[in-house]
J.: 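A single structure is presented below for examination.
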Amino acid sequence: MGGASLFSVLVSEAPIALAEELARFAPGDGEAGGLGLFLGLVRGEAGGKALAALSLEHYPGMTERAISGILEEARTRWPLLGGRIVHRVGRLAPGEPIVLVIATAAHRAPALAATHFLIDWLKTRAPFWKKEIYADGSEAWVAARAEDEEMAARWQALSGAPGGVAPAPAR
Amino acid sequence: MGGASLFSVLVSEAPIALAEELARFAPGDGEAGGLGLFLGLVRGEAGGKALAALSLEHYPGMTERAISGILEEARTRWPLLGGRIVHRVGRLAPGEPIVLVIATAAHRAPALAATHFLIDWLKTRAPFWKKEIYADGSEAWVAARAEDEEMAARWQALSGAPGGVAPAPAR
Amino acid sequence: MSSTSVRLRYFAWLRERLKCESEEIALPPEVQTVGDLIALQRRRGPEFATLFAPTSVIRAAVNQNFATPNTPVGPGDEVAFFPPVTGG
Amino acid sequence: MSSTSVRLRYFAWLRERLKCESEEIALPPEVQTVGDLIALQRRRGPEFATLFAPTSVIRAAVNQNFATPNTPVGPGDEVAFFPPVTGG
C-alpha cells in the first residue's frame, strides 16, 4: 500500500461516516498493530444552558492546509503508518460527532500518543470557530480555552523528544 | 440512559463488529463530549518471521471477571460515562482486530487517558495467552514483555492521583 | 484585484461585528507587515479601533498561513483576521 | 468433587507441557496456601519439578482471582496455574 494515501484529511458538512472511516484501517494490512481514535461529540449543554445546536465556521483552503500540517508534524514525532482527520462544519445537533482523529502504528504507544497530540493541536491550530445556539434561541461564539492552549503547549515543549511524553490530562 | 449498561465487556470467538460497537456511543447522548478508542490488530510478522495466525487462549469466567475489574478500576480514576472492552479468542489472521477498548467522558482528556490505561492494564492483568503460528508451520507461545509490565506499572504508581498523568509511550 | 491592493477576510465574531466577510483595500506603501496593517485598520473607524486595539485577541493569517505582527504583507496578498480558534 | 480435593487448571504452555487441562487432586492437610500447593506440585515428577521450580515465572489464581504464594487454598477451591498473560 502506498504510504501517502493512508494519511488524509476531510472537512465536510456531511455527517462523519464512522464505519467507513474505521474500515480504512481495520482490518489492517498486517503492518499496523495499534489504532488510536478520538471522536469529539456535541454536548447537550454549555455553561449550564441547554444547547440546540453548534454552528461551525471555518476558513476553506486554510483549514485543510493547517490540518495537513498538523498530521505532518505528528509523522515527524512518531513512526505512524496511517492518519485520518475528519472535521464537520455547518450546523450540528447535540450528540453528533464533530471531529474524528485516527492514527495507526506498529505498536499501541505511538498510535495513542499521536491521537492525543493530533486532537490537542487541532483544537488550537486549525481555523475553526464554534458558535453555540441555545435552546432559548440566544447564541454566543465559544471563547478559546486557556486549558486547550496549555494542553497543546505541553507537546510543543516536548517537540525535541521524538515519541515524547503524553501531556497530563486536564480535569 | 442507565449508567451501568454503558459499561460492558465481551470475550468472543466472533470477529469484532466495529460499526456496531461504535454505534453504542456515537451519536452520543449529549453528555459525552469525547470518545477514546484503541483497536489492536494482528501484525503479519513476529520476530522477523512471517505469521500465519495467532491463537488466543483464555480462562473462561476469570477473563470476564478480570476485565470487568479493570473497567471498574478505570471508573474510580476518571469520571467516565461509558466503557466497552471486546477481546477476541481463538484463531485470528493477520490484520484482524484482536482487542477493542472504548471510553467516553464529558471531555477528551479523561476519555483518552482511560483508553490508554485500559489497554495497558488489559495486557498485563487479563488472563489471555497468545500463540504465534508462523507461515513455515512452526509455532511458539508469546513471552510476556517487560515493557508492557512497565507501562502498566506507571499507572499503578499514579493510582493515588485521580485522572493521573498518562505514561510515557514506549518506542 | 488592483496591483496595489490586498484581499482582507474576516471570520466568526469579527465578521459579524464588521458586517463583512471579505473586502479589497488599497495598500499604502508604508504598510509592510501585518502589524502595519493592523495599525491601518484601527484608523478606519470606532468599531475597527475597538476590534484591532492593541489589547485585542485577534489573530491573523497571510496567504492562509498563521502570521505574526512581523509577517510581511505585499500587494496581492490575502490577509485574514479572526478570533482564537475553537474547533475540535 | 471429594470434600478434601481441589480442582487444578492449567493454561497455555503449562497445559501443553503437562498434557493436562484440568485435574482433581487430594489436598493434604499441610497444604494451606498457594505456596504449599506449588511445593506439592514440585514433588509430582521431573516435569512438575521443572515447571514449578522456585525460579519459574508461573502465576496462579484461586477461584478465578489472581493469587500470591500466601493466598489460602482449601478443599473445593479451583486453583489455576499459567504463564504471565499476553493478551491485548
Side-chain angles (χ1 to χ4, degrees), chain B residues 9 11 16 38-43 46 54-70 85-90 92 97-101 115-132 139-149 151-152, chain D residues 1 5-25 33-35 37-38 41 47-88:
Chain B
V9 161
V11 177
I16 300 176
F38 176 77
L39 187 68
L41 299 160
V42 180
R43 301 187 66 218
L54 271 188
S55 174
L56 261 288
E57 181 170 336
H58 79 305
Y59 185 168
M62 179 171 172
T63 308
E64 291 81 354
R65 177 194 297 223
I67 301 178
S68 297
I70 290 166
I85 296 175
V86 183
H87 205 298
R88 289 282 306 272
V89 291
L92 283 81
I98 178 169
V99 59
L100 171 73
V101 169
T115 300
H116 205 152
F117 167 85
L118 286 167
I119 185 62
D120 283 354
W121 273 43
L122 191 72
K123 282 194 171 260
T124 54
R125 285 166 172 77
F128 292 101
W129 301 274
K130 276 192 195 110
K131 179 190 268 187
E132 290 168 350
E139 46 182 65
W141 289 96
V142 174
R145 302 195 319 158
E147 203 176 303
D148 285 335
E149 212 31 85
M151 285 181 77
Chain D
M1 190 151 69
S5 67
V6 287
R7 165 67 51 187
L8 300 187
R9 301 185 66 171
Y10 305 105
F11 292 94
W13 50 256
L14 198 58
R15 170 179 56 72
E16 288 184 347
R17 293 273 296 270
L18 292 174
K19 295 181 180 61
C20 177
E21 279 186 29
S22 179
E23 61 175 336
E24 194 181 320
I25 65 162
T33 66
V34 168
L37 190 54
I38 288 171
Q41 293 280 78
E47 188 75 334
F48 278 93
T50 304
L51 293 171
F52 288 87
T55 55
S56 166
V57 296
I58 281 175
R59 311 296 163 89
V62 175
N63 298 328
Q64 306 192 352
N65 290 306
F66 285 105
T68 68
N70 295 325
T71 304
V73 170
D77 283 347
E78 173 176 300
V79 182
F81 294 106
F82 44 77
V85 305
T86 57

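So that the names make sense, note that chain A is the first sequence line, chain B the second, and so on, each numbered from 1. Bear in mind the structure is a predicted one, so any value in this text is a computation, not a measurement.
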J.: Tell me the closest heavy-atom pair linking D:Gln64 and B:Arg65, and the distance in Å.
T.: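 Smallest interatomic distance, heavy atoms only, reads O-CD, 3.5 Å.
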J.: Using non-hydrogen atoms only, which part of D:Asn63 is less than 4.5 Å away from chain B: side chain, backbone, both, or neither?
T.: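 For D:Asn63, the backbone is the part near chain B, not the side chain.
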J.: Can you give me the closest heavy-atom contact between D:Pro83 and B:Trp129, atom names plus distance?
T.: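 Minimum heavy-atom contact is O-NE1, 2.8 Å.
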J.: Determine the minimum heavy-atom distance between D:Phe66 and B:Pro127, stating which atoms define it.
T.: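 That would be CZ-CD, 4.4 Å.
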J.: Closest approach of B:Pro60 and D:Arg9, non-hydrogen atoms and distance?
T.: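 Reported closest heavy-atom pair: CD-NH2, 4.4 Å.
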J.: For residues D:Ala61 and B:Tyr59, report the shortest heavy-atom separation together with the two atoms involved.
T.: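 Closest pair (atom of D:Ala61, atom of B:Tyr59, distance): CB-CE1, 4.4 Å.
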J.: Does D:Trp13 offer a backbone N or O that forms a donor-acceptor pair with the side chain of B:Lys131 under 3.5 Å?
T.: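 Judged by distance alone, no pair lies under 3.5 Å.
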J.: Would you compute the distance between atom CZ of D:Phe82 and atom CE of B:Met62 and round it to the nearest 0.5 angstrom?
T.: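 The CZ atom of D:Phe82 sits 4.5 Å away from the CE atom of B:Met62.
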J.: Near D:Glu21 CD, under 6.0 Å, is it more than 12 heavy atoms from other residues, nucleotides or ligands?
T.: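 Atom CD in D:Glu21 is not crowded, with 12 or fewer foreign heavy atoms closer than 6.0 Å.
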J.: Within a strict 4.5 Å, meaning less than it, do heavy atoms of the B:Phe128 and D:Val85 side chains meet?
T.: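 Sidechains of D:Val85 and B:Phe128: no contact.
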